[in-house]
**Q** 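Can you read through this structure? Questions will come right after.
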Amino acid sequence: MTQVKSNKPKVAVIGMGNIGNAVVANLVKGNRSVIVADRKIEKSKELAKKLGALVQPMEIPAAIKEADIIVFAIWFSAIKELLHQYAVELEGKIIVDPSNPIAPDDKGGFKKIIGESESAGEILSSLLPKNAKLAKALGSLGVASLAGAAFQNPEPAVLFYATNNTGINAEVEQLIRDNGFEPLRIGSIDQSIRIEVFGDLHEFGALGKTVTIKEAKEKLGEVSIAG
Ligand SMILES: NC(=O)c1ccc[n+]([C@@H]2O[C@H](COP(=O)([O-])OP(=O)(O)OC[C@H]3O[C@@H](n4cnc5c(N)ncnc54)[C@H](OP(=O)(O)O)[C@@H]3O)[C@@H](O)[C@H]2O)c1
């Protein structure tokens, strides 16, 4: 297999479901190498076969060890488990959480599985391995828009993110740009609820659609972007 060299931090996507597949396909379009892992290695191998040499399939422990940035494209409860299971391997890494803490309700919709005023981002930030840095990112759109609105012309669509570690802004923003979107930090992890499902800045919340950077800033007003 051809090795693709890059100076960018190594990124791994864990979970080859809807979001994982969309993020990996976007990164390949953005010419970014990506390590892929799932609990079934066959899924990662299939994807690599389909998308080419930028995609490197690995088992989950190897992927976490190898990458600098780990995108957990899995459900909230599974992220909690993996943070615990791979606490040592995840030390010092950048962890990207796109999760929405929801489950199907009995009316064909979804309901939150944590408290109304809680966010997955804040809960995960309290469970972080030593020196790991968390960004809530890549989850503010539904999968159809994450795939369909990537690399939009002439003005890219926005993906919002939140982190307490402003030292990782550049890495997170590059990851979002390599996905074909314009990044916009809305503040610290305590703002996560705004960019999770039902939040005021989520496609499946009050925002209701994709927005360009101009529209996003108009919507937010510069003052409401928390430091
Ligand atoms: N779908 C959306 O529109 C959307 C939008 C924004 C954010 N999100 C968030 O993105 C995350 C992924 O959603 P999705 O729609 O991509 O889900 P999905 O299609 O169900 O995919 C989840 C993936 O996670 C894997 N997985 C589950 N438990 C795992 C574990 N313990 N270790 C490793 N892999 C595990 C699954 O593998 P198996 O096949 O083996 O179970 C599957 O490949 C969720 O947190 C969701 O809230 C989704």
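Note that ligands are numbered from 1 as they come in the structure, with each ligand's atoms numbered from 1 the same way.
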**Q** On a heavy-atom basis, I'd like to know which of E81, K43, K40 is closest to atom 37 (O) of ligand 1.
**A**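 Among E81, K43, K40, the closest heavy atom to atom 37 (O) of ligand 1 comes from K43.
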**Q** Between K29 and D178, is the closest basic N to carboxylate O distance under 4.0 Å?
**A**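 Salt bridge absent between D178 and K29.
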**Q** What atoms of ligand 1 come closer than 4.0 angstrom to any heavy atom of S99?
**A**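 Answer, ordered by atom number: 9 (C), 45 (O), 47 (O).
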**Q** What protein heavy atom lies closest to atom 17 (O) of ligand 1? Include the residue and the distance to one decimal.
**A**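 So the nearest neighbour among protein heavy atoms is W75 NE1, 3.1 Å.
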**Q** Less than 3.5 Å between some nitrogen or oxygen of V143 and one of ligand 1, yes or no?
**A**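 For ligand 1, there is an N or O atom that lies under 3.5 Å from one belonging to V143.
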**Q** Is any side-chain heavy atom of F151 closer than 4.5 Å to a side-chain heavy atom of N179?
**A**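 Answer no - side chains too far apart.
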**Q** Out of curiosity, L159 CG to L184 CG, how far, rounded to the nearest 0.5 Å?
**A**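 The CG atom of L159 sits 10.0 Å away from the CG atom of L184.
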**Q** Counting from 1, what ligand 1 atoms have a heavy atom of P98 closer than 4.0 Å?
**A**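 Listed by number with element: 7 (C), 8 (N), 9 (C).
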**Q** Checking side-chain contact (heavy atoms from CB on, under 4.5 Å) for the pair N100/F110: CA distance, chi angles, key distance, verdict?
**A** CA-CA 10 Å; N100 290 306; F110 286 92; over 6 Å; no
**Q** Within the structure, is a non-hydrogen atom of L141 found at a distance of less than 4.0 Å from ligand 1?
**A**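 Contact present.
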**Q** I'd like to know if the side chain of E196 reaches the main chain of A120, judged simply by a donor and an acceptor atom lying under 3.5 Å from each other, with no hydrogens or angles considered.
**A**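 Yes.
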**Q** Would you indicate which of H202, R39, M16 comes nearest to atom 28 (N) of ligand 1 when only heavy atoms are counted?
**A**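 Considering heavy atoms of H202, R39, M16, the nearest to atom 28 (N) of ligand 1 sits in R39.
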**Q** What do we get for A73 next to ligand 1 when only non-hydrogen atoms under 4.0 Å count, side chain, backbone, both or neither?
**A**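 Contact part for A73 vs ligand 1: backbone (N, CA, C, O).
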**Q** May I ask you to identify, for I60, whether its side chain, its backbone, both or neither come under 4.0 Å of ligand 1 on a heavy-atom basis?
**A**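 The answer is the side chain of I60.
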**Q** Could you tell me if the side chain of Y161 sits less than 4.5 Å from the side chain of V172, heavy atoms only?
**A**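 Heavy-atom side-chain distance check passes, below 4.5 Å.
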**Q** List the closest protein heavy-atom neighbour of atom 32 (N) of ligand 1: residue, atom name, distance to the nearest 0.1 Å.
**A**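 It is L82 CD1, 4.0 Å.
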**Q** Suppose we measure from atom 21 (O) of ligand 1 to each protein heavy atom; which comes out shortest, and what is that distance?
**A**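 So the nearest neighbour among protein heavy atoms is G17 CA, 3.2 Å.
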**Q** Okay, side chain of D105, backbone of K107: is any donor-acceptor separation there less than 3.5 Å?
**A**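 Yes; judged by distance alone, with no hydrogens or angles, the pair exists.
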**Q** Between D38 and ligand 1, does any nitrogen or oxygen pair lie at a separation below 3.5 Å?
**A**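 Yes - when backbone and side-chain N and O of D38 are compared with those of ligand 1, one distance drops under 3.5 Å.
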**Q** Can you tell me the protein heavy atom closest to atom 15 (O) of ligand 1 and the distance?
**A**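 Protein heavy atom with the smallest distance to atom 15 (O) of ligand 1: N18 ND2, 3.2 Å.
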**Q** I need the nearest protein heavy-atom contact for atom 47 (O) of ligand 1: residue, atom name and distance, please.
**A**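 Result: N100 N, 2.9 Å.
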**Q** Between R32 and Q174, is there a side-chain heavy-atom distance shorter than 4.5 Å?
**A**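 Q174 vs R32: side chains touch.
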**Q** If you count every heavy atom of other residues, nucleotides or ligands that lies below 6.0 Å from K8 atom NZ, does the total exceed 12?
**A**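 Enclosed.
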**Q** Which of these, V23, I74, I19, has its nearest heavy atom closest to atom 44 (C) of ligand 1?
**A**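 Among V23, I74, I19, the closest heavy atom to atom 44 (C) of ligand 1 comes from I74.
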**Q** Does NZ in K43 sit with more than 12 non-hydrogen atoms of other residues, nucleotides or ligands closer than 6.0 Å?
**A**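 Check passes, neighbour count above 12.
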